[in-house]
Amino acid sequence: MIRLYDYPMSGNCYKVRPLAAFLGIELALIPVDFYPGRAHRDAAFLAINPLGQIPVLEDGDLRLRDAQAILVYLAAKYDGTRTWYPSHPETMGKIGMWLAFAERITATASAARLHDAMQYDFDIERCRAEAHAALQILDEHLWFAEAGGAAWIATNDHPTIADIACFPYIMLSEEGGISREDYPAIRRWTDRVKGIKGFITMPGIFPR
Amino acid sequence: MNDRVSMHPALAAYRHRWIVIARTADVPAGHLFHGRLLGEELAVWRNNAGHINVWENRCPHRGVRLTIGSHLGDQLQCRYHGWRYATGSGGCVHIPAHPNETPPARIGVKVFRALERSGFIWASTEEPSSEPASIAHLPADHHPLRSAIMRAPAEVVAAALLRHAFAPAGGTAQRIDPLTVVVRHATGQETLRWLIQPSTVDTSIVYGVHAATVGGAWLEAAQQLNASLQSLRSTIEAQT
Ligand SMILES: N[C@@H](CCC(=O)N[C@@H](CS)C(=O)NCC(=O)O)C(=O)O
Ligand code: FES
């Protein structure tokens, strides 16, 4: 069975679980005591991921770290219809661009949440300001996508792994003191993500 | 969250006006739109028939935001303890802890007057003196633009809109009421209209309407006007 090193409150680990659910993949979850245990910094876990970060996925002999890389792999390998990661060069390029953007949301909005909820020592004002700058970029992108008939970040009709990767830390932003009031196009899109058949939640994210 | 602040004097001046609070497209079916009216947080939603509700974003039980609740079609359910409120009246119709009792009639969400016209949703905190002047004479064939949120009072934003030259829809700007600026071509034809929402005392939202461009070019025009509005926003915010 495919194994996921997981922590229930981690938005990055959460990215993997809905895609697995949409694709009907069963995951064996291996809990990592991230907080307050800091088990991701233990020698045993560093042997699995030298970066000391979760999630990590293992499928047979393959071991992958980084939520975005894991999404790419699962969608390319287990989605027979190739709708979650279409094999169309332009769409792949766009998805790559927004997967990198998801990492930026992690670096800003997730960092703010770690500061507020788990006492991480970050420059909170800067995290919040940079998170707002990122949200502004996505809101504008989504507004014009909608105006042109596209419901998703990188595609028109069917969501992709770009939507999954950007979703968690946007939906958890308020736990880091980042309001989404100013981003109506993002709020409509988060509703659409929640409306995907088979959508699953995590603590802090409500169903639709 | 439970603190109820009385309205700031600078906002009280707009109490009897219809104020634009969203575009029609901001509130699709099933969506709970988080908005604001003169400092008060709003929960804006449509019932099954499409009728628009503009409510205070606050559950009468413990004050939780209704926008994190569930849209049940003709009722809205609070996320916390599941109290349900009816479309139209805002009256409480169900309390899960007392499933067999009819909730007391006095329990209800605060409801605001609402109006949906010409692609926009308008609301008022008190009996409005008249129909919104800014609704009248909207160009028949128009396109809504992406709104911009500016950290500045409505007065400052209106004055700045009046002075700003908007490419590609140039013309002469005129303030037809405190919250509306219209741009007209030399021929007298309206090209642009800006509707200002004083959402708090120091935050305003600018909604734009662009007269239809011939052919399919409206999206490009909307992009240019968005860039122009965002640059105006930076200028205004740098000054305030
Ligand atoms: N690029 C990685 C980032 C993963 C990440 O930041 N994980 C957090 C938990 S949500 C973590 O392990 N942080 C510990 C650390 O960076 O020291 C990914 O997307 O998976
Ligand atoms: S706070 Fe809304 S039902 Fe209790």
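Letters go in sequence order (proteins before strands), and every chain restarts at 1.
Chain A forms the most heavy-atom pairs under 4.5 Å with one residue out of B:E41, B:H31, B:Q230, and that residue is B:H31. Annotation: maximal heavy-atom pairing with chain A below 4.5 Å, among B:R23, B:R146, B:R36, B:H34, occurs at B:R146. Highest contact tally toward chain B, considering only A:R180, A:R208, A:E146, is held by A:R208 [criterion: heavy-atom pairs under 4.5 Å].
Ring orientation note: the planes of B:W83 and B:Y85 are tilted relative to one another, at an angle of 30° to 60°. Note: A:W98 and A:H141 have tilted aromatic rings, judged against thresholds of 30 and 60 degrees for the angle between ring planes.
Residue B:L145 touches chain A through its backbone alone, counting heavy-atom pairs closer than 4.5 Å. Proximity to chain A (any heavy atom under 4.5 Å) is shown, for B:I68, by both the backbone and the side chain. Contact annotation for A:D191: only side-chain heavy atoms (C-beta onward) come within less than 4.5 Å of a heavy atom of chain B. Contacts between B:Q223 and chain A at a heavy-atom distance below 4.5 Å involve backbone atoms as well as side-chain atoms. With a 4.5 angstrom heavy-atom cutoff, B:A25 touches chain A only via backbone atoms.
Although no hydrogens or angles enter the test, the distance criterion places no donor-acceptor pair under 3.5 Å between the side chain of A:S110 and the main chain of A:A107. Using a distance-only test at 3.5 Å, with no hydrogens or angles considered, no donor-acceptor pair links the side chain of A:R65 to the main chain of A:Q53. Between the side chain of B:S199 and the backbone N or O of B:T203 there is at least one donor-acceptor pair closer than 3.5 Å.
Aromatic rings of A:H40 and A:F34 (six-membered ring for Trp) have centroids within the 6.0 Å cut-off, being under it.
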